[in-house]
Amino acid sequence: MRRVCSAFGFSRSSHYQGRSTQTQRTERDKPLVEAMNHVHGHRYKRHYGSPRMTAELKDQGFLVNHKRVARLMKAHGLCAKPPKKKAKTTDSAHALAVADNALARDFTVGQGQVR
């Protein structure tokens with residue numbers, strides 16, 4: 001380990017400290033991730049993205065930041081379900097009569113009328 005650390009230019013103690021810090025962070029995030037899974041999957045039918053999730057977790061008493069919530073959601077595969085596409089309501093291929101041109105305005109441009 002000494003050779004690897006010296007080759008990359010950092011001390012062995014910083015390597016071991018980084019490993020323990022990552023483990024501590026994972027343990028600290030475990031209750032938060034469980035709450036996120038509950039909110040995301042069970043209560044709200046997967047419609048919560050990171051902004052709404054942050055607000056909900058704050059309401060539940062967690063001290064969180066939107067960046068932390070977004071990072072954890074991405075790491076655990078939680079994402080908001082996109083809204084459904086709206087149904088097309090206009091049917092241009094109908095057989096109904098077209099309304100008359102009541103103003104009788106002509107919008108065609110002739111050839112000599114360039115400005």
Side-chain angles (χ1 to χ4, degrees):
M1 184 53 68
R2 185 179 305 151
R3 288 182 189 167
V4 173
C5 291
S6 64
F8 287 109
F10 59 88
S11 65
R12 284 188 305 155
S13 62
S14 63
H15 166 72
Y16 291 113
Q17 181 183 7
R19 285 178 47 188
S20 67
T21 303
Q22 186 175 7
T23 305
Q24 290 171 357
R25 179 184 290 170
T26 305
E27 290 299 318
R28 188 179 61 217
D29 289 341
K30 192 175 284 188
L32 181 62
V33 171
E34 289 174 3
M36 288 170 59
N37 281 325
H38 177 71
V39 169
H40 188 263
H42 300 286
R43 289 178 56 194
Y44 299 105
K45 299 180 186 171
R46 303 176 191 270
H47 285 80
Y48 272 27
S50 62
R52 276 181 164 178
M53 182 70 74
T54 303
E56 180 67 28
L57 292 171
K58 284 182 179 179
D59 288 345
Q60 291 182 10
F62 288 98
L63 189 64
V64 291
N65 183 344
H66 67 281
K67 295 176 188 176
R68 180 178 178 198
V69 171
R71 175 179 54 83
L72 289 173
M73 285 182 72
K74 186 174 182 180
H76 292 279
L78 303 174
C79 59
K81 187 166 72 171
K84 292 181 180 178
K85 292 183 179 180
K86 294 186 177 182
K88 182 179 172 185
T89 59
T90 304
D91 181 17
S92 299
H94 54 75
L96 301 174
V98 179
D100 292 333
N101 186 359
L103 299 177
R105 296 179 69 183
D106 183 21
F107 291 104
T108 58
V109 178
Q111 278 191 331
Q113 300 177 0
V114 177
R115 291 185 183 176

Can you give me the closest heavy-atom contact between H76 and V33, atom names plus distance?
NE2-CG2, 3.5 Å
Can you check whether D29 reaches R71 side chain to side chain, under 4.5 Å on heavy atoms?
yes
For A80 and H40, work out which heavy atoms get closest and say how close.
N-NE2, 4.4 Å
Which residue, V39, L72, V64, forms the side chain to side chain contact (heavy atoms under 4.5 Å, CB included) with M53?
V39
Using the salt bridge (charged side-chain N to carboxylate O under 4.0 Å, His left out) criterion, which residues pair with R52? Sequence neighbours excluded.
none
Going by the rule side chain to side chain contact (heavy atoms under 4.5 Å, CB included), which residues pair with K30 if we only count those two or more places apart in sequence or in a different chain?
E27, E34
Excluding sequence neighbours, so at least two apart, what forms side chain to side chain contact (heavy atoms under 4.5 Å, CB included) with S50?
V69, A70, M73
Does CG belonging to D100 count more than 12 external heavy atoms closer than 6.0 Å?
no
Evaluate whether atom CZ of R3 has more than 12 neighbouring non-hydrogen atoms of other residues, nucleotides or ligands under 6.0 angstrom away.
no
